[in-house]
Amino acid sequence: MKKILSLAILTLFFSCRSQEKIDIATLNLNEPIEKVSSFDDALLIGVETVEYPFSLLLEVEKSKKYSFDGIDLEDQRIIFQIDAEKLKTDSITRFGGGHIDLKPAKNIDELNAALKNYDAESKIYGVRIELKTPKLQTDILKKLEAKYGKGTKNPNTDHGLYWNVKAENKFIFFAPDYRRLIILNNTDLSKSCYWDIMNGLIDFGGCNNEKYMAGLMKNSTKPEDVKEKPTIKIDKNWNMNGLVVSRATEEDFVKSAINKRFERMTEIDGMTGKTNEIYYQNNYHDIYFYFAVSKGNPDNQRENLINGYAINDFRKVDISFENGLKPGLKFEEVLELLEKLKIAYNPVDFANYIEIKTSPYKVTLNFNDNMLLSGMFVK
């Protein structure tokens, strides 16, 4: 009877332990990955450049295991950042189209394989919390201000704030415009600069932007050293090398002359296991093709249609445009040409890109730090 009772108590103990929530507000953000995640949840690991391009991401989907200083984070997306040597390269940049390569990590073997593939650490150094509702954003901000005082206004966004918490070696970025709370252990980060898409460049004092970005991309290949540059021709309807967006199939792409150095990737829904998107990546030349997936059979190349592409760095390709655009044109020169061609466009204030809506897709022309035409994204 005593043994049965003891087993019952032990079972109850572990049951209670399993129900305990991880309070993200108390993390040092240098914890081993297995201490902050569970294979009971839907875990995805890999790259998502719009979220953050220079580190490996571990995404936890719709978990019930997390809180923030007493606030339940159930169903919010939790994204842990992991330092990865292979991602410090210009093959994934802060300019150009989005790049996603996330795969399920259902067990320790799959997790370790991903870490090895990206030459990544086995610990986290940051977390990005999705804040879906205005109420959650307000509640989180109250907690931050109660603990750290009023934040510094982020000059790059409408409502963003940030804190440099030196006593805890943390940067905290409250970015409600993008529904994010981002907290980083800055022990191994720059103490004067920080950049991501959702916050812009933050200068904590004495920031040298050029030196900072060079450090993030220390393994980069100089564009002038890229060999066997693909020849690309963009027609007046923004199609590449005769591959018509929304009409050309995966089979057409596979058989085309442009298909060299590309690797086929799939984006999987962590909850259902279904294929959301198929894309081909050529990291060496920074070219990506995206495909809408056949509802009947994702492996049927004749039914998967091209729905977009990205060329992130024109210096790595030999590119020409039927409409007269040229790599390296100034922002103002591109606007003048678009007006001359009577192409409707939408320049975004204080941004380094121009949007052109042409049904059924959108063209984004990207410009570098010197506001020279440097890349494009069609989707």
Side-chain angles (χ1 to χ4, degrees), residues 19-29 31 36-38 41-44 48-55 57-82 94 98 100 102 124-186 189 193-204 269-271 348-351:
Q19 294 175 16
E20 290 180 2
K21 291 185 179 291
I22 297 174
D23 186 353
I24 292 178
T26 65
L27 296 179
N28 294 319
L29 298 175
E31 289 82 3
V36 296
S37 62
S38 169
D41 287 322
L43 304 182
L44 296 172
E48 187 174 352
T49 59
V50 173
E51 191 67 52
Y52 187 69
F54 298 116
S55 70
L57 302 181
L58 179 69
E59 297 196 4
V60 187
E61 303 287 338
K62 298 181 179 180
S63 175
K64 299 180 180 180
K65 295 184 174 67
Y66 298 95
S67 65
F68 186 89
D69 196 8
I71 299 174
D72 195 344
L73 297 177
E74 182 176 346
D75 292 336
Q76 306 302 313
R77 190 158 58 119
I78 309 297
I79 306 169
F80 293 107
Q81 292 185 210
I82 305 166
R94 57 177 167 157
I100 301 173
L102 294 171
I124 65 170
Y125 78 92
V127 64
R128 310 171 79 86
I129 304 171
E130 184 179 38
L131 307 176
K132 291 182 179 179
T133 67
K135 182 180 186 306
L136 180 58
Q137 295 168 14
T138 299
D139 291 345
I140 290 288
L141 180 58
K142 288 180 180 179
K143 292 287 186 179
L144 292 172
E145 291 182 335
K147 186 173 183 179
Y148 300 111
K150 296 290 184 180
T152 301
K153 177 71 174 65
N154 183 342
N156 305 311
T157 63
D158 292 335
H159 305 99
L161 300 168
Y162 67 87
W163 291 260
N164 182 359
V165 187
K166 295 181 179 179
E168 297 181 9
N169 295 318
K170 287 181 180 179
F171 291 148
I172 301 175
F173 303 96
F174 177 69
D177 304 277
Y178 295 91
R179 302 191 301 179
R180 289 291 185 276
L181 172 65
I182 300 162
I183 310 176
L184 306 172
N185 183 320
N186 63 22
L189 303 181
C193 305
Y194 175 75
W195 173 92
D196 70 16
I197 290 174
M198 299 175 186
N199 290 286
L201 180 67
I202 302 294
D203 185 345
F204 293 108
D269 186 318
M271 299 300 293
V348 181
D349 292 339
F350 308 111

Donor-acceptor contact present, side-chain N154 to main-chain N199, <3.5 Å:
yes
Validation row: I183, F68 side chains within 4.5 angstrom (heavy atoms)
yes
Distance col, row K153:NZ vs Y162:OH, nearest 0.5 angstrom, shows 10.0 Å
Check: Q76 side chain, K132 main-chain N or O, donor-acceptor pair, under 3.5 Å
yes
Could you check whether K21 pairs with E74 (Lys NZ or Arg NE/NH1/NH2 to Asp/Glu carboxylate O, under 4.0 Å)?
no
Do you know the tightest heavy-atom contact between N28 and N185?
O-ND2, 3.0 Å
Under the 3.5 angstrom rule, does the side chain of N169 hit a backbone N or O of N186 as a donor-acceptor pair?
no
Flag side-chain contact, heavy atom, 4.5 Å: R77 against R180
yes
Any heavy-atom pair between the side chains of L29 and L184 that's under 4.5 Å?
no
Would you say V60 and L43 make side-chain contact, with heavy atoms under 4.5 Å?
yes
Hey, can you tell me if Y52 and Y194 have their rings parallel, tilted or perpendicular (30° and 60° cut-offs)?
parallel
CG of D23 to CD1 of I71: how many Å apart, nearest 0.5 Å?
9.5 Å
Any side-chain heavy-atom pair from N164 and I202 closer than 4.5 angstrom?
no
So which atom in Y148 and which in E168 form the shortest heavy-atom distance, rounded to 0.1 Å?
OH-OE1, 2.9 Å
Close side-chain approach of I24 to V36, heavy-atom, < 4.5 Å:
no
I78 versus S63: any side-chain heavy-atom pair under 4.5 Å?
no
With a 4.5 Å cut-off on side-chain heavy atoms, are I22 and L27 touching?
yes
Polar side-chain atom of Q137 near backbone of L131 as donor-acceptor pair, under 3.5 Å
yes
Holding to ring pair (Phe, Tyr, Trp, His ring centres under 6.0 Å), I want the full list of residues that pass it with Y178, two or more places apart in sequence or in another chain.
none
Using a strict cut-off of less than 4.0 Å between a Lys/Arg side-chain nitrogen and an Asp/Glu carboxylate oxygen, indicate whether D69 and K147 qualify as a salt bridge.
no
CG of L136 to CG of L141, rounded to nearest 0.5 Å, is 11.0 Å
Scanning both residues in full, the closest heavy-atom pair of Y125 with S55 reads OH-CB, 3.4 Å
Between P176 and G160 the two heavy atoms that sit nearest each other are CD-CA, 4.1 Å
Would you say W163's side chain and E145's backbone share a donor-acceptor pair under 3.5 angstrom?
no
CG (L73) and NZ (K65) are apart, to the nearest 0.5 Å, by 13.5 Å
Once rounded to the nearest 0.5 Å, what's the spacing between atom CD of E48 and atom CD1 of I79?
6.0 Å
Any Lys/Arg nitrogen of D139 or K135 sitting under 4.0 Å from an Asp/Glu carboxylate oxygen of the other?
yes
May I ask you to check whether Q81 and R128 show a side-chain donor-acceptor distance below 3.5 Å?
yes
Please report the interatomic distance CZ(F174) to NZ(K143), rounded to the nearest 0.5 Å.
14.0 Å
